[in-house]
Amino acid sequence: MSPEVIFIGIAGPSGCGKTTYAKHLVHRLQSPFIVIGLDDFFYCTKTIEHPILGRIRSFEEPETLHVESLVNLLQSLKQHPENVTRYRRGDISLTDKKYIYVVVEGFLLFGLSDKLTSMFDVRIFFDSNMAECRLRRFRRRSKIASQVPDDQVQVTTDFQQWFDYLVWEEYLKRRDLQMSKAEKIFHSDQYRNRDYTQLDDYLDARLIEIIEKK
């Protein structure tokens, strides 16, 4: 028989730290699958006329994502995880596992469709502020070494305008919807410096609860 699959969804703004925590969870829960990122399902850009940035290509709108492909993947994982090779880790076996955990993260994860949102057994939302998210996103894009302290990182004006007026504004349009779909909201001060104690404690309790109901 196929193992029971439990899906953990993590949503939040770009740069809030959801991908880093998702990777932490994959290893902590010994998932046989690496993190499934919503970014993997971009299939087009959308050209918009922005009142401040002018004519610009955007990846921030739902239309740029192939949502049905993600739904189909999750359905395949739910039914026959042993047949899914995409995202499979080579160092963890599915053999003899009664339950496996699959972690999915994305900036619009709970704001795309009720069908997708309902597939997650656990739904967590990371709430953070614009300045923190902007800095993290800039560090990632610029590949700034982790040893460089934040106060020595100078975000360029072009990047700041792009992030503030496009990325963050589009996020705010769907923030309330996504938060209403989440079962738990964590604020950035609850996982600062990658201290995941509160998050892990919550996940442990929820997974026990879910398994007991199976």
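For clarity, every value in this text was computed on a predicted model and none was experimentally measured. Below, all heavy atoms of this structure are taken into account, side chains as well, without hydrogens, waters or symmetry copies.
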Open item on the list: Looking only at side-chain N and O atoms, does T197 offer a donor or acceptor that is under 3.5 Å from a partner on D195?
Closed with: yes

Open item on the list: Under a 3.5 Å cutoff, is there a donor and acceptor pairing between the side chains of D200 and Y21?
Closed with: yes

Whether [Y] and [X] form a salt bridge (side-chain N of Lys/Arg under 4.0 Å from carboxylate O of Asp/Glu) is what I want to check.
X	Y	value
E63	K46	yes
K97	E82	no
D121	R206	no
R192	E132	yes

Are any side-chain N or O atoms of [X] and backbone N or O atoms of [Y], one a donor and one an acceptor, separated by less than 3.5 Å?
X	Y	answer
S118	K115	yes
Q190	H187	yes
S31	V26	no

So which atom in [X] and which in [Y] form the shortest heavy-atom distance, rounded to 0.1 Å?
X	Y	answer
L116	L109	CD2-O, 3.8 Å
K18	P13	NZ-O, 2.9 Å
V67	S113	CG1-OG, 4.2 Å
P62	L112	CB-CD2, 3.8 Å
R137	F163	CB-CE1, 3.9 Å
F125	Q178	CE1-CB, 3.7 Å

Pairwise distance [atom1]([X]) to [atom2]([Y]) - rounded to 0.5 angstrom:
X	Y	atom1	atom2	answer
K181	T117	NZ	OG1	6.0 Å
I8	E105	CD1	CD	13.0 Å
K184	M179	NZ	CE	11.5 Å
Q75	L70	CD	CG	10.0 Å
W168	R175	CH2	CZ	7.5 Å
F138	R134	CZ	CZ	11.0 Å

Should [X] and [Y] be regarded as members of a common hydrophobic cluster, given that ILVMFWY residues are connected when their side-chain heavy atoms come within less than 4.5 Å of each other, either directly or indirectly?
X	Y	result
F33	F120	yes
F41	I34	yes
V5	L25	no
L207	I36	no
L172	L108	no

So do [Y] and [X] actually touch side chain to side chain, heavy atoms under 4.5 Å?
X	Y	result
E68	V71	yes
S58	L166	yes
H27	R89	yes
H50	E169	yes
P81	V84	no
F42	L65	yes
I124	L203	yes
T19	D39	no

Please say whether more than 12 non-hydrogen atoms of neighbouring residues, nucleotides or ligands are located less than 6.0 Å from [atom1] in [X].
X	atom1	value
D151	CG	yes
D96	CG	no
E49	CD	yes
D150	CG	yes

Open item on the list: One pair to check against side chain to side chain contact (heavy atoms under 4.5 Å, CB included): V104 and L38. What are the steps and the verdict?
Closed with: CA-CA 7 Å; V104 187; L38 185 62; 5.9 Å; no

Open item on the list: Is there a side chain to side chain contact (heavy atoms under 4.5 Å, CB included) between K98 and I211? Walk through the geometry before answering.
Closed with: CA-CA 10 Å; K98 188 173 182 181; I211 289 171; over 6 Å; no

Open item on the list: For Y196 and H24, take the angle between the two ring planes, folded into 0 to 90°, and tell me which bin it lands in: parallel under 30, tilted 30 to 60, perpendicular over 60.
Closed with: tilted

Open item on the list: Checking M119 against L77 for the side chain to side chain contact (heavy atoms under 4.5 Å, CB included) test, could you report, in this order, the C-alpha distance in whole Å, the side-chain angles of both residues, the deciding distance, and whether it holds?
Closed with: CA-CA 11 Å; M119 298 183 77; L77 281 165; over 6 Å; no

Task: Of all pairs that satisfy ring pair (Phe, Tyr, Trp, His ring centres under 6.0 Å), the ones with a partner from residues 82-115, not counting sequence neighbours - done: none

